[in-house]
Amino acid sequence: MDTPIAGDRPDTALPEPAVTTTKAHRVIVAASIGNALEWFDIMVYAFFAGTIAKLFFPAADDTVSLLLVFGTFGVTYVVRPLGAVVLGRYADRAGRKAALMVSIRIMMVGTFLIAVMPTYPTIGIAAPIAILFSRLLQGFSAGGEFGSATALLAEHTPRMRGFMASWQFASQGVATLLAAGFGTLLTSTLSDAQLESWGWRIPFAFGLLIGPIGFYIRRYLDDAPEFARSARQEPERSPVGEVLRDHKSSVLLSIGAIAVSTALTYLIAYIPSFAVKELHLPASTGFAAAMVTGAVLTVVTPLIGYLSDRVGRVRVMSVFAVLILLLLLPAFGYLVAHPGFGVILGVMFLVGLLKAGYFGPLPALMSELFPVTSRATGVALSYNLGVMLFGGTTPLVIVWLIDATGNDLAPTWYLSGLAVLSLTAVLLARRRLQAVGAATDE
């Protein structure tokens, strides 16, 4: 009789703790709201990159100014693995809830600083330095947020691990939708002078409202029975040492699996700038396209997560990785050749479907690569190393590739290469799970 394999088979072999529907809903909201706040701030920062470049990173050349903004955007990801280690270790020892309470506090501080920060003409070089410090705080917080929240979601309802964990990424869709909505509204109703004077601060001020709500909800959250049992059995475990000693291959596979997904996220974040700078479309058009993508991600991602519980993570992710490889270049080729409102909306709708199909099962797959004793640390470290290498640098790579080659399609070459990398990692992850005899799918 074949051993059930995680990532390939539905979770019928797992014992399921008694978790009511109401409680599952509360867990989803509590675990996802911090990730939504994180990605809302990321998307707003990227969407308003052109405005932030003028206000905080002035330079004689617009491309240089934009590169400085996205360079700062990417540099903050260097601190995310540190947050992953510190907060992930805390989550594996003190509990998922405890770590999530800490991470949302730090995140709120970073958002507040950006919202009230004086610009370069007011305080000079202190302005970009302070923006960098704020982004570093957010990066550290985000470093531990994903692993802790994913572990919490994956452990609360093991039979629906794909569906539950997929809300981590569905919340990114909500964040994209909200951020793009603000972008569309502000760029279509405010003048450039109003936008640069005070309008760009409105989304960050709104983000400050999300934080206290998330903090309040998380106060009444419980860790899953699966973690509670593990904590009682091994109270003195060393999660970081366990990951580095016993699960290095799982870390590498997770990094590879997330490569194309995180790069697509930041491609979406760059679309408003791409629409204006390369396609010469109104800023509101780029934001509207990003709104379409956000709506697709919000709705489709949990459905794909649920599908992965039925037919297997690897099967679903492999199909969509191949589709990304085959469809992304011709879709953007058509967009560049025929730029227009309807075309960019259609292309970004397709991008949303491809991304949702691939990354819906991804959090569950990553969680299954690590045991419960070091799951938060392993997932957080893998995710943030992957985002640092392939995500936070993507806008910078896109701007540089277009400027260096003069070809607006150059970024799709990069993404196609990452699709091959991720497809390989997903297939190897299946073999890894089979080798260790994980009993989670089919």
Next item on the list: Determine, stepwise, if the pair Leu353 / Phe320 fulfils side chain to side chain contact (heavy atoms under 4.5 Å, CB included).
Entry: CA-CA 9 Å; Leu353 285 177; Phe320 280 94; 5.6 Å; no
Note to self: Pair Met388, Leu385 - check side chain to side chain contact (heavy atoms under 4.5 Å, CB included), show working.
What the structure shows: CA-CA 5 Å; Met388 180 184 73; Leu385 285 173; 4.0 Å; yes
Item checked: Chi angles and distances behind the ring-ring contact (aromatic ring centres under 6.0 Å, His included) call for Phe112, Phe204 -> CA-CA 7 Å; Phe112 172 78; Phe204 289 103; over 10 Å; no
Margin query: Does Val372 form a side chain to side chain contact (heavy atoms under 4.5 Å, CB included) with Arg375? I'd like the steps, not just the answer.
Written below: CA-CA 5 Å; Val372 65; Arg375 180 170 289 150; 4.2 Å; yes
Notebook entry, point to check: Would Val260 and Leu421 count as a side chain to side chain contact (heavy atoms under 4.5 Å, CB included) if you check the C-alpha gap in whole Å, the side-chain angles of each, and the deciding distance to 0.1 Å?
Noted result: CA-CA 8 Å; Val260 73; Leu421 171 63; over 6 Å; no
Next item on the list: Carefully, step by step, assess Thr111 and Asp41 under the rule side-chain hydrogen bond (donor to acceptor under 3.5 Å, both in side chains).
Entry: CA-CA 7 Å; Thr111 302; Asp41 286 343; 2.4 Å; yes
Next item on the list: Show your working on ring-ring contact (aromatic ring centres under 6.0 Å, His included) between Phe56 and Tyr120 and close with a plain yes or no.
Entry: CA-CA 5 Å; Phe56 292 93; Tyr120 188 91; 9.0 Å; no
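No side-chain donor-acceptor contact under 3.5 Å links Arg432 to the backbone of Leu428. Under the 3.5 Å distance criterion, the side-chain polar atoms of Arg161 are matched with a main-chain donor or acceptor of Ala154. Panel note: side chain Ser141, backbone Leu137; no donor-acceptor pair is recorded below 3.5 Å. A donor-acceptor pair is defined here as one N or O able to donate and one able to accept, closer than 3.5 Å; such a pair exists between the side chain of Thr377 and the backbone of Gly88. Not a single donor-acceptor pair under 3.5 Å links the side chain of Thr262 to the backbone N or O of Ile258. A distance-only check finds a donor-acceptor pair linking the side chain of Thr412 to the backbone of Leu409 [under 3.5 Å].
For the pair Gly256 and Ala425, the tightest heavy-atom approach, listed with the atom from each and the gap, is C-CB, 3.5 Å. In plain terms, the two heavy atoms of Ser318 and Leu427 that are nearest each other are OG-CD2, 3.6 Å. Considering all non-hydrogen atoms of both residues, Thr150 and Pro363 come closest at CG2-O, 3.8 Å. Looking at every heavy atom in both residues, Gly143 comes nearest to Asn384 through O-ND2, 2.6 Å. Minimum interatomic distance between Gly144 and Ser148 (heavy atoms only, all atoms of both residues): O-OG, 2.9 Å. Across all their heavy atoms, Ser284 and Ser188 have their closest contact at CB-CB, 4.4 Å.
We find the CD1-CG distance between Ile131 and Leu55 to be 9.5 Å, quoted to the nearest 0.5 Å. Within the model, atoms CG of Leu335 and CG of Leu281 stand 7.5 Å from one another, a figure rounded to the nearest 0.5 Å. The distance from the CG atom of Leu362 to the OG atom of Ser367 is 9.5 Å, given to the nearest 0.5 Å. Between Ile33 atom CD1 and Glu145 atom CD the span is 10.0 Å, to the nearest 0.5 Å. Note that OG of Ser382 is 5.0 Å distant from CE of Met366, once rounded to the nearest 0.5 Å. From Gln168, atom CD reaches atom CD of Gln172 across 8.0 Å, with rounding to the nearest 0.5 Å.
At a threshold of 4.5 Å between non-hydrogen side-chain atoms, the residues Val347 and Tyr334 do not count as touching. Leu354 has its side chain out of reach of Phe349: every pair of non-hydrogen atoms, C-beta onward, lies at least 4.5 Å apart. Between Leu186 and Ile202, the closest side-chain pair of non-hydrogen atoms falls below 4.5 Å. Looking only at side-chain heavy atoms (C-beta outward), Pro282 and Thr285 come within less than 4.5 Å of each other. The shortest distance between side-chain heavy atoms of Ser261 and Lys355 falls below 4.5 Å. In this structure the side chain of Phe40 reaches within 4.5 angstrom of the side chain of Pro203, judged on heavy atoms. Between Arg218 and Ser103, some side-chain heavy-atom pair lies under the 4.5 Å cut-off. When side chains are defined from C-beta on, Tyr358 does not count as touching Val319, because their heavy atoms never get closer than 4.5 Å.
Between Phe169 and Tyr383, the ring-plane angle classifies as tilted under the 30° and 60° cut-offs. Note: Phe163 and Trp167 have perpendicular aromatic rings, judged against thresholds of 30 and 60 degrees for the angle between ring planes.
Arg135 forms no cation-pi arrangement with Phe133, by the criterion of a distance under 6.0 Å to the ring centre and an angle within 45° of the ring axis.
Other residues, nucleotides and ligands contribute over 12 non-hydrogen atoms within 6.0 Å of the OH atom of Tyr414. Counting non-hydrogen atoms of other residues, nucleotides and ligands closer than 6.0 Å to CG of Asn407 gives a total above 12.
Between the side chains of Ser308 and Arg313, a donor-acceptor pair is found at a separation under 3.5 Å.
Glu368 and Arg430 are not joined by a salt bridge, as no carboxylate oxygen comes within less than 4.0 angstrom of a charged side-chain nitrogen. Ion pairing of Arg96 with Glu155 is present here, as a side-chain N (NZ or NE/NH1/NH2) and a carboxylate O approach within less than 4.0 Å.
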Distance-only criterion, 3.5 Å: show the donor-acceptor pairs between side-chain atoms of residues 290-304 and protein atoms not counting sequence neighbours.
| residue | atom | partner | partner atom | Å |
| --- | --- | --- | --- | --- |
| Thr293 | OG1 | Ala289 | O | 3.2 |
| Thr293 | OG1 | Met348 | O | 3.0 |
| Thr298 | OG1 | Gly173 | O | 3.3 |
| Thr298 | OG1 | Val174 | N | 3.0 |
| Thr298 | OG1 | Gly294 | O | 2.8 |
| Thr301 | OG1 | Leu297 | O | 2.6 |

